[in-house]
**Student:** 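I have a structure here, written as structure tokens, and I will follow up with some questions on it.
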Amino acid sequence: MMNHESELQTLLISTINGLKISMKSIMKEQGIPLSPLYFMILKRIHNTENCTANFLADVTEKDKGQITRLIKEVIAEGLVIKRPNPNDKRSQFLQLTDNGLACYMALENADKAVLKEMRSEVSDEELQQFLSVGAKMLTKLNAINHKKERG
């Protein structure tokens with residue numbers, strides 16, 4: 001009897017690892033001395049109006065200290081700046097610099113090319129079904145994890 005759960009786990013881990021390897025390669029080719037996690041941080045900052053460090057910690061489920069270190073590094077690289085939050089003097093908004101936006105866009109385009117190639121033999125219908133099933137499973141996994149956090 002096949003163990004589909006084990007196959008699912010292997011597929012998901014292998015896919016994530018493959019995407020990380022691809023992004024590391026792209027970043028190395030572009031001379032960007034950062035890891036794929038930084039790309040995800042830049043993406044969140046780009047896609048979130050009035051993005052804060054607390055928001056990044058929440059959505060990435062990373063420790064606030066780790067997020068603070070990541071932000072310091074992207075600021076040091078000249079990719080992100082902080083600007084005051086006019087509604088809360090204790091927080092600051094994060095914004096991509098022109099250099100950060102150019103870096104993000106180059107990485108985003110390269111990432112999209114890899115994803116397009118990855119799904120080149122998958123029809124739109126197959127992809128939609130995969131995404132639908134994946135969303136259901138992720139919803140269930142999040143419910144399980146939040147239940148454990150409260151319990």
Side-chain angles (χ1 to χ4, degrees), residues 6-142 145-146 149:
S6 180
E7 288 180 38
L8 175 64
Q9 182 183 46
T10 299
L11 172 68
L12 294 175
I13 290 171
S14 296
T15 302
I16 290 168
N17 284 338
L19 289 170
K20 282 183 184 179
I21 290 167
S22 175
M23 183 53 65
K24 282 181 187 177
S25 175
I26 291 166
M27 293 175 96
K28 185 176 180 181
E29 287 171 11
Q30 305 242 350
I32 300 169
L34 303 172
S35 73
L37 178 57
Y38 291 89
F39 169 65
M40 298 309 295
I41 295 297
L42 295 177
K43 185 174 188 166
R44 290 288 185 170
I45 292 170
H46 178 265
N47 292 336
T48 306
E49 188 175 348
N50 299 329
C51 184
T52 64
N54 282 339
F55 172 78
L56 291 175
D58 289 343
V59 298
T60 62
E61 297 184 3
K62 301 284 183 195
D63 177 79
K64 288 181 184 178
Q66 182 181 11
I67 292 297
T68 298
R69 288 187 296 278
L70 291 170
I71 291 169
K72 284 181 182 179
E73 289 183 47
V74 291
I75 288 172
E77 290 289 329
L79 303 174
V80 172
I81 58 170
K82 290 181 180 180
R83 56 183 176 84
N85 176 347
N87 300 320
D88 182 354
K89 301 295 182 205
R90 297 169 295 154
S91 77
Q92 297 174 313
F93 294 137
L94 303 170
Q95 181 178 339
L96 297 182
T97 63
D98 289 342
N99 189 28
L101 180 59
C103 176
Y104 166 73
M105 294 307 293
L107 292 172
E108 177 75 1
N109 289 335
D111 191 46
K112 283 181 181 177
V114 168
L115 292 169
K116 185 175 181 178
E117 180 64 27
M118 187 175 97
R119 69 149 291 191
S120 64
E121 295 180 13
V122 176
S123 72
D124 288 344
E125 293 78 20
E126 289 171 316
L127 180 60
Q128 186 56 49
Q129 185 176 13
F130 177 79
L131 294 173
S132 177
V133 169
K136 286 180 188 178
M137 295 173 88
L138 182 57
T139 297
K140 184 65 175 175
L141 180 60
N142 286 337
N145 289 337
H146 291 332
E149 287 173 5

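We number each residue from 1, following the sequence as shown.
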**Student:** Evaluate the side-chain proximity of L56 to L70: yes if any heavy-atom separation is below 4.5 Å, no if none is.
**Tutor:**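 Not touching, per the 4.5 Å side-chain cut-off.
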
**Student:** Between S132 and Q128, is there a donor-acceptor pair closer than 3.5 Å when you use the side chain of the first and the backbone of the second?
**Tutor:**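 Looks like no, no N/O pair under 3.5 Å.
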
**Student:** Rounded to the nearest 0.5 Å, what separates atom OG in S22 from atom CG in L115?
**Tutor:**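 Answer for the OG-CG pair, S22 versus L115, is 8.0 Å.
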
**Student:** Hey, what do you get for CG (N54) to CD (Q92), rounding to the nearest 0.5 Å?
**Tutor:**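 The CD atom of Q92 is 11.5 Å from CG of N54, to the nearest 0.5 Å.
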
**Student:** Determine, stepwise, if the pair L79 / I45 fulfils side chain to side chain contact (heavy atoms under 4.5 Å, CB included).
**Tutor:** CA-CA 11 Å; L79 303 174; I45 292 170; over 6 Å; no

**Student:** For the atom pair CD1 (I67) and CZ (R69), what is the distance rounded to the nearest 0.5 Å?
**Tutor:**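 That separation rounds to 9.5 Å.
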
**Student:** Under the side-chain contact (heavy atoms from CB on, under 4.5 Å) test against I13, which residue among T10, I16, N17 passes?
**Tutor:**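 Testing I13 for a side-chain contact (heavy atoms from CB on, under 4.5 Å) against T10, I16, N17 leaves exactly one candidate, N17.
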
**Student:** If you look at every heavy atom in A53 and L94, which pair is closest and at what distance?
**Tutor:**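 What the structure gives for the nearest pair is N-CD1, 3.9 Å.
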
**Student:** Under the side chain to side chain contact (heavy atoms under 4.5 Å, CB included) criterion, do D88 and T52 qualify, and how do the steps go?
**Tutor:** CA-CA 11 Å; D88 182 354; T52 64; over 6 Å; no

**Student:** Would you say that V114 contacts M23 through its side chain, given a criterion of any heavy-atom pair below 4.5 Å between the two side chains?
**Tutor:**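 Of all side-chain heavy-atom pairs linking M23 with V114, none is under 4.5 Å.
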
**Student:** Please find the pair of heavy atoms, one from L42 and one from C103, that lie closest to each other, and give the distance.
**Tutor:**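 For L42 versus C103, the nearest heavy atoms are CD1-SG, 4.4 Å.
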
**Student:** Heavy-atom distance under 4.5 Å between the side chains of V80 and Q95, does that happen here?
**Tutor:**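 The answer is no, as the side chains (C-beta and beyond) never meet within the 4.5 Å cut-off.
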
**Student:** State, to 0.1 Å, how close K82 and I71 come at their nearest heavy-atom pair, and which atoms those are.
**Tutor:**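 In this case the closest contact between K82 and I71 is CE-CG2, 4.1 Å.
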
**Student:** With no hydrogens and no angle check, is any side-chain donor or acceptor of S25 less than 3.5 Å from a backbone partner on I21?
**Tutor:**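 Checked: no pair found.
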
**Student:** Side chain to side chain contact (heavy atoms under 4.5 Å, CB included) between K62 and I41: does it pass, once the steps are laid out?
**Tutor:** CA-CA 11 Å; K62 301 284 183 195; I41 295 297; over 6 Å; no

**Student:** Using the side-chain hydrogen bond (donor to acceptor under 3.5 Å, both in side chains) rule, collect all pairs that involve residues 101-120, keeping only residues at least two apart or in two chains.
**Tutor:**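 Listed once each, the pairs are Y104-E108, R119-D124.
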
**Student:** Suppose we screen for salt bridge (Lys or Arg N to Asp or Glu O under 4.0 Å). Which residues come up paired with D98, at least two apart in sequence or across chains?
**Tutor:**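 Expected list: none.
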
**Student:** Please name the pair of heavy atoms, one in T15 and one in L11, separated by the smallest distance, quoted to 0.1 Å.
**Tutor:**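 Answer, listing the atom of T15 first, then L11: OG1-O, 2.7 Å.
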
**Student:** If you look only at pairs with a residue in residues 30-49, which of them pass as a side-chain hydrogen bond (donor to acceptor under 3.5 Å, both in side chains), with sequence neighbours excluded?
**Tutor:**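 As it turns out, the side-chain hydrogen bond (donor to acceptor under 3.5 Å, both in side chains) pairs with a partner in residues 30-49, which skip direct neighbours, are Y38-E73.
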
**Student:** Specify the closest pair of heavy atoms between P84 and F93, including all atoms of both residues, with the distance to one decimal.
**Tutor:**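 In terms of heavy atoms, the two residues are closest at O-CD1, 3.8 Å.
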
**Student:** Would M118 and L19 satisfy side chain to side chain contact (heavy atoms under 4.5 Å, CB included), going step by step from the backbone distance to the final call?
**Tutor:** CA-CA 10 Å; M118 187 175 97; L19 289 170; 4.2 Å; yes

**Student:** Within the 4.5 Å heavy-atom criterion, are M137 and L8 side-chain neighbours or not?
**Tutor:**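 Of all side-chain heavy-atom pairs linking L8 with M137, at least one is under 4.5 Å.
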
**Student:** Search all heavy atoms of N85 against all heavy atoms of S91 and return the closest pair with its distance.
**Tutor:**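 Heavy-atom minimum between the residues: ND2-OG, 2.8 Å.
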
